[in-house]
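Have a look at the structure below, then the notes.
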Amino acid sequence: MLSVSASVFLKSVFLHGLSASIHFLLLLVVLLSWVWNRITFTPANREEEEKVKLNNNNSITLFKTTVFCSLALSAFSLALCLFNYFYWYASGWSEQNLVTLLDLALKTLAWGVVCASLHKGFFFFFTSGERIFRFSFFFRAWCALYLFVSCYSFVVDIVVLSERQPQYLVSDVVYTCVGLFFCYAVCFVKNKGHGNGIEEPLLNGDADVGHAKEAMGGDTVTPYSNAGIWSILTFSWVGPLVAVGYNKTLDLEDVPQLDPRDSVVGAFPSFKEKLEADCDGSAVNSVTTFKLVKSLVLSVWKEILFTAFLALLNTLASYVGPYLIDAFVQYLDGRWQYENQGYVLVSAFFFAKLVECLSQRHWFFRLQQIGIRMRALLVTMIYSKALTLSCQSKQGQTSGEIINLMTVDAERIGVFSWYMHDLWMVVLQVALALLILYKNLGLASIAALVTTIVVMLANIPLGSLQEKFQDKLMESKDTRMKATSEILRNMRILKLQGWEMKFLSKITELRKTEQGWLKKFVYTTAVTTFVFWGAPTFVSVVTFGTCMLVGIPLESGKILSALATFRILQEPIYNLPDTISMIAQTKVSLDRISSFLRLDDLQTDVVEKLPPGSSDTAVEVVDGNFSWDLSSPNPTLQNINLKIFHGMRVAVCGTVGSGKSTLLSCVLGEIPKISGTLMVCGTKAYVAQSPWIQSGKIEDNILFGNHMNRERYEKVLEACSLKKDLEILSFGDQTIIGERGINLSGGQKQRIQIARALYQDADIYLFDDPFSAVDAHTGSHLFKECLLGLLSSKTVVYVTHQVEFLPAADLILVMKDGKITQCGKYTDILNSGTDFMELVGAHKKALSTLDSFDGVSTSNEIRTSEQDANVSGMPGFEEKEADRYEQNGKTDNKSEPIGQLVQEEEREKGRVGFSVYWNYITIAYGGALVPFILLAQILFQALQIGSNYWMAWATPISTDVEPPVGGTTLIVVYVGLAIGSSFCIFARAMLLVTVGYKTATTLFNKMHFCIFRAPMSFFDSTPNGRVLNRASTDQSAVDTDIPFQIGSFAFSMIQLLGIIAVMSQVAWQVFIVFIPVIAVSIWYQQYYIPSARELSRLVGICKAPIIQHFAETISGTSTIRSFNQQSRFRETNMKLSDRYSRPQFNITGAMEWLCFRLDMLSSITFAFSLIFLISIPPGIIAPGLAGLAVTYGLNLNMIQAWVIWNLCNLENKIISVERILQYTSIPSEPPLVVEENRPDPSWPSHGEVDIQDLQVRYAPHLPLVLRGLTCKFRGGLKTGIVGRTGSGKSTLIQTLFRIVEPTYGQVMIDNINIASIGLHDLRSRLSIIPQDPTMFEGTVRNNLDPLEEYTDEQIWEALDKCQLGDEVRKKEGKLDSAVSENGENWSMGQRQLVCLGRVLLKKSKVLVLDEATASVDTATDNLIQQTLRKHFSDSTVITIAHRITSVLDSNMVLLLSQGLIEEYDTPTSLLENKSSSFAQLVAEYTMRSNSSF
């Protein structure tokens, strides 16, 4: 009796009945509580429920895994229910069958209800206390009961297996696992707080977005740092970010901070220590590539070992499938080796799949993590090095090359982490493959080995070719980028001279060279692709052929096992050359970086620094010899003896190129010392000759890392007369300055520089000719307020060309040819030598014109200096104008200033429009080749499947079965199909690269044409980094990545459809699972894509600031070093670097988050199809075809993940196309040539300029700068334009050249309206010597004559006229002697003279001088004036001048004030009228020159 009752508990009916009853109980209780809740509904209840709902809503992540599990379980039960129903429908019903179906139906319903309730936050399931939030007691008790029942069923199944259908075992395993998980979730999670991955608050809904910004990105460290084991395994820690991205467009604030281990701020110090310890404690100057690699490896060795373990695990797991296929086919044929072998096989397949998926996801994630970390470390290393480079080392490296180390080489080393384990894995994979082949095919495996080696060897020459072409491609890209960046920097000059199209053709030429290498590179890649896809077929043909020859019997199980093995072998065969080329590229990059790190640093022993206050001498040089170029025989500075006491004012003067700036560099310690001693006591502040301004707020530029002291700050602004400027700028000192101070006038940049120095409160101030860029009035104000006022107690050394500032000095040094020829007080040296007499004499001569007006009273002088200088970069407008502006409601108080010149970089939002893809596909040949590419791929796929199908069908299951066809037929058909498929793949690869190459070329030409034709305002408001980013990074993507990416997506999609076709052909029932799985996959992908896309865009946007900051640092190293701010700049660089790594790290996590989920889904599909195959009665499906389905199914998760991965990657990459297309639609300038309105070749013959009611503004939202000018410059006369900074002088000139188009009014030159003719016709007929003298990298010849229009004789003649002939003759290359980047190897004055030479060659009728003599001494200035008088006697010369003397001999003077003409007359009449503004300016100038300050 007992045994009978005991056996009832082991019966299947009892187990299913018990399970059904507990699920029914759950449904009943839920239903009753829901009804009760509706009956007793009150507003208070509603509040309680809302509270719970809200709580749940804000904690979706807490339940996301449980919701997903319950949904999956419901779907699984439904699938089993349907499966059993169809199965029993055919074979008849029994009581046990009905109970089982009832159980499965109730499970489906119950878990569906659980899923819905959890998702909706139905309060029955939860209790919410004050702080914690947990599942209700009933639900927890029910979960425990459920686990007990599941475990009981599982144990009974194992014990009493013989009596039951073995398929129950699988479902028991699933139910038990879910029971375990739910018990863990409901019982333990409540106490874990928010650290655990399952309980991360997820912010959604707009109310929380503001809070989210603060919480997530700003300060929170990534949840990865303290995620639980489950969260790390399943990548749930990225869940919250993906959810935020799904609900709103992600911004950088939403992206959490990096974990300290991944952040460069945390990792760099220890890396640097390791590297320095390796270099024997010295600086990194002795670093070798090996030492650099060793330090990098040591900084991530734990991760490297862990990923190696994961890679090993992954490789082993991936071969389990091919190993077991033969056994599986034999099993299907009815040859069982033991009871339940089928279930054991299915479990083994499924478990191996799980291990493979998990290990691969974590292996990839960790590798990318290593890559991000290494890249950031290298970028920081390169940056630190750039800050300490000596000037000589810097000349050997252009800024473009150094930036490339950062953007290309460091990036490449980061990418190398992907390939880190590939070499040893290839060996392992080939060895495992051969073992499996040996088991199946015996000695034929040797043929497979030989073929594999042959294919690999065939890949090696391809790999080395590819690498060679890649190298050449990079070199030519470097050259092109260097030229592009130089051209962008100097675009204003090119536009003024009408040279931009010539320089565009220069870029196009460079690109043609690059395209040559690109073409070779992509076609080699196409051949490699052909080898990749053809390899498995080739290896299998040879192997099976050998089997036939040797007489090894072919059975379908063994063949399928071999085919699956070949497919896995395909990866290492293909990746080997890729890996080898990547290793070579990485080695090249590492060599480049280590050779850069080995460059000489600034000598630290040049200056002997004494502690402040320890000596009464501020600067002392004894027998100093210094040279920029240590190899040159003559030092730059010779026999310098100098002693400066604290509080002295020292003036340095001399002719152009005499070594004045070098003397200051020597005090700064910037120039290498040959001999002598140099001592400096105290802190230094330096103002460079050409202003170095950082992009950012004006306030930040002045504070330069110091804390704000409002009183001091105001004093400094007052002294530098910046108050007025700031009032005029719409945002005051919060105005954002464009790159290189583009939206400020020269004078403003200079004054901001001075303000920066004054605010520092240093002991020694070094000024390099700071007064040349400002007008007379501002100059004297600066001298008085700064040098004589704020700095009266400090040591000041100032270089100046203005003789009037010399008398105030305590010591004057006169320089000539690198020597101090005279030194002493003004009166002492005036009579003692010739050099000083020359300078002063020239000045006296210039003043002689003014002698008759010397008697202007002093009160006048005081009155003028009290008039505030009106200054502005976006030039001035009066208060009433401002009021009007306010009333129009244009001034906005949003935190993002509307009228800032430099706006945030535009980024598209939302999904990439279909038009971008369509544009891309149809650019080349109108898209005509695309159908052929797809057709080739479809044919390839069909032939591949056909050949495998043929092998599976035509070979017997075992040796004792008669084969359907003969051996020869078998192989001949197989080879035929293989050759066909290889041909298709070859055609596809070739067509694809042809289209890709054509598209890249077209896009490049379009974008560059649009950029070069863009108006100047585009360059003023677009930092160069943005343009360069598109020309380098985005263009690279279009050149080499995107065609393969689009191809890859299409081909993987076709492959996936092929696999589905094969699997469903064998067993259509697979669709029962397949359709929901595909639906869930698509949903996941749609859920993930918004976050991935925005993160990818953020990566693009965070890259530009690093490059820009780096470029700025390189150009301002001497300023940064003089203020001792290196550490602050390093910190900024690290922060920017981390800011770039943040979205990268999260995009990696999100990618793996998605892949993990898709892998799990495809594994379930695979497992389901296996269960289906072993459940159907034998004989329904041919075992060979069933095996074929399994062979393809093994690849299912790979291909499915590959499709999704390709789609996401494509979405990320295509953004490059989107960004390039943005720049192909920049509005362009008016046409260069208007054919129907071309001026006569001799125009302008008189050079008469007639301006009629001219009104100009820089942009529609900015105020007028010129407000209605009407005047006429007569032909052949000299007109001087004067006015305070910002009165509109430069704007008038820009309008003359149509850099800015008039808003209203017109300019006529010789009766032709300049707006009616082409820009090129206009600009090529006018000449200008611009404010910033520019030289391009190249030779002296192509600097003077870029368009190659003149003979050498004419060029020499021009050089002699501008006093440079002798200088050039001294150089070795004469006219071909080199000019370095920006003309760095020429002094500022010499560059100005080269600009003069250009004008002398052009000999135009209208010549404009914009501050042309700002950076030369008075003597050279007089020379230039004489040259101009002589050679431009019959031309119209328009001069904008700061030195009053340069306009005194003009025929007319135009005085501008706030965009209006204040006075226009001859200088004589204006000077006679004592109350005229011009007379007051002159009076001030003479007072200044005659008085000592």
**Prompt:** For M1160 and L354, what are the C-alpha separation, side-chain angles and deciding distance, and is it a side-chain contact (heavy atoms from CB on, under 4.5 Å)?
**Reply:** CA-CA 7 Å; M1160 290 300 116; L354 283 186; 3.7 Å; yes
**Request:** Dump the intermediate steps for side-chain contact (heavy atoms from CB on, under 4.5 Å) on Q1086 and Y246, then the final yes or no.
**Result:** CA-CA 9 Å; Q1086 293 301 323; Y246 181 67; 5.7 Å; no
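The two residues S359 and L310 make their nearest non-hydrogen contact at CB-O, 3.7 Å. Shown here for S1081 and L1161, the closest heavy-atom pair between the two residues is OG-CD1, 3.7 Å. L27 and A110 get closest at one heavy-atom pair: CD2-CA, 3.8 Å. L147 and G179 make their closest contact through CD1-C, 3.6 Å (heavy atoms, listed as atom of the first residue, atom of the second, distance). Across all non-hydrogen atoms, the minimal contact from L18 to S21 is O-OG, 2.6 Å. Between T176 and C151, the closest heavy-atom pair is CG2-SG, 3.7 Å.
Checked against the 6.0 Å centroid threshold, H362 and F235 count as a close aromatic pair. In this structure, Y224 has its ring center closer than 6.0 angstrom to the ring center of F365.
Residues satisfying the side-chain hydrogen bond (donor to acceptor under 3.5 Å, both in side chains) test with E1152, not counting sequence neighbours, are R361. In this structure T307 satisfies the side-chain hydrogen bond (donor to acceptor under 3.5 Å, both in side chains) test together with H421, sequence neighbours excluded.
In this structure, the side chains of Y319 and Q429 come closer than 4.5 Å at one or more pairs of heavy atoms. Side-chain contact between V320 and F351 is absent, with no heavy-atom pair separated by less than 4.5 Å. Between F350 and F1166 the shortest side-chain heavy-atom distance does not fall below 4.5 Å.
Counting non-hydrogen atoms of other residues, nucleotides and ligands closer than 6.0 Å to CZ of F24 gives a total of 12 or fewer.
Below 30°, between 30° and 60°, or above 60°: for Y152 and F14 the angle between ring planes is above 60°, a perpendicular geometry. Classified by interplanar angle (parallel below 30°, tilted 30° to 60°, perpendicular above 60°), the ring pair Y146/H23 is perpendicular.
A distance of 5.5 Å separates CH2 of W1153 from OH of Y1087, quoted to the nearest 0.5 Å. Atom CG of N948 and atom CD1 of I559 lie 10.0 Å apart (nearest 0.5 Å). L345 contributes atom CG, which lies 8.0 Å from atom OH of Y331 (distance to the nearest 0.5 angstrom). Note: I1164 CD1 to I1171 CD1 = 10.5 Å, rounded to the nearest 0.5 Å. Taken to the nearest 0.5 Å, the CE atom of M1151 stands 13.0 Å off from the OG atom of S1091. Here T100 contributes atom OG1 and L104 contributes atom CG; the two are 7.0 Å apart, rounded to the nearest 0.5 Å.
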Just list the side-chain donor-acceptor pairs under 3.5 Å for residues 67-83, sequence neighbours left out, or say none.
from, atom 1, to, atom 2, distance (Å)
S70, OG, T66, O, 2.8
S70, OG, V67, O, 2.9
S74, OG, T108, O, 2.8
S77, OG, L73, O, 2.9
S77, OG, Y175, OH, 2.9

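Remark: the backbone N or O of I22 is paired with a side-chain donor or acceptor of W142 at under 3.5 angstrom. No donor-acceptor pair closer than 3.5 Å links the side chain of R1157 to the backbone N or O of Q1085. The main-chain N or O of L15 is never found under 3.5 Å from a side-chain atom of S19 such that the two would form a donor-acceptor pair. No donor-acceptor pair under 3.5 Å is formed between the side chain of Y1088 and the backbone N or O of W1083.
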